[in-house]
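Take a look at the structure below.
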Amino acid sequence: MVPILAIHHDPLYYPEPNNFDPERFDEEKIRQRPAFTFLPFGDGMRNCIGMRFALLQAKIAIAKLILNFEFSVCDKTTIPIEFNASTPFLTPKSEIYLSVKKL
Ligand code: HEM
């Protein structure tokens, strides 16, 4: 098993790992990190064949959602999010509640 969540949250590679910081993925910052420190789609000869399609689809979905709705946390949102420790897949322990307003 490769501990991807731990690698992606290692402050050695990703300072203040729980902060949202899109600049982590600037070309220069990516170059400064060692290989195999960003593995959502695996790496090497058997990495995900659907990576480009998945990224494109996710970006279109997020763009359409934030174009039409405003999302914010509410009383029922669990902060910080808790993960389900009884599965090898990264899933939240309970539902993710958000407040959604149509724009
Ligand atoms: C967010 C969406 C996705 C994530 C996070 C994801 C992640 C992964 C990961 C981690 C692997 C293993 C890579 C490795 O062993 O190094 C993999 C393999 C694979 N994925 Fe995805 N995947 C996604 C979407 C897709 C889509 C949309 C398709 C097809 C249209 C797809 C098809 C495959 C296939 C066929 C493999 C096996 C590749 C091989 O063994 O040669 N994936 N994926």
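Both counts, for ligands and for their atoms, begin at 1 and track the order of listing. Counting begins at 1 with the first residue of the sequence. Remember, predicted model here, so these are calculated numbers, not experimental data.
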- Item | Side chain, backbone, both or neither: the part of Leu55 lying under 4.0 Å from ligand 1 by heavy atom | neither

- Task: Show your working on side-chain contact (heavy atoms from CB on, under 4.5 Å) between Glu70 and Val100 and close with a plain yes or no.
- Result: CA-CA 6 Å; Glu70 187 182 281; Val100 183; over 6 Å; no

- Item | Neighbouring protein N, O or S atoms of atom 21 (Fe) of ligand 1 [cut-off: under 2.8 Å, no waters] | Cys48 SG

- Message: Going by side-chain hydrogen bond (donor to acceptor under 3.5 Å, both in side chains), name the residues that satisfy it together with Arg33, two or more places apart in sequence or in a different chain.
- Response: Tyr14

- Quick one: pull up CD1 in Ile30 and CZ in Phe25 and give me the separation to the nearest 0.5 Å. 7.0 Å

- Quick one: pull up CD1 in Ile62 and CD1 in Ile60 and give me the separation to the nearest 0.5 Å. 11.0 Å

- Supply the atom-to-atom distance Glu16 CD to Asp21 CG, rounded to the nearest 0.5 angstrom. 8.5 Å

- Please step through side-chain contact (heavy atoms from CB on, under 4.5 Å) for the pair Ile66 and Leu103, ending with a clear verdict. CA-CA 9 Å; Ile66 60 175; Leu103 296 173; over 6 Å; no

- Message: As an exercise, identify every atom of ligand 1 less than 4.0 angstrom from a heavy atom of Asp43.
- Response: 16 (O)

- Query: Can you find a protein heavy atom under 4.0 Å from atom 19 (C) of ligand 1?
  - Reply: yes

- Decide if the gap between the ring center of Tyr13 and the ring center of Phe38 is smaller than 6.0 angstrom. no

- Message: Just to confirm my output: which protein heavy-atom neighbour is closest to atom 7 (C) of ligand 1, and how far is it?
- Response: Pro40 O, 3.5 Å

- Query: Which residue and non-hydrogen atom of the protein lie closest to atom 12 (C) of ligand 1, and at what distance in Å?
  - Reply: Arg46 O, 4.3 Å

- Rounded distance (nearest 0.5 Å) linking atom CD of Glu28 with atom CZ of Arg31: 4.5 Å

- Roughly how far apart are Phe41 CZ and Ile4 CD1, rounded to 0.5 Å? 11.0 Å

- Query: Looking only at protein heavy atoms, which one is nearest to atom 27 (C) of ligand 1, and how far off is it?
  - Reply: Phe53 CD2, 3.7 Å

- Gly44 heavy atom under 4.0 Å from ligand 1: no

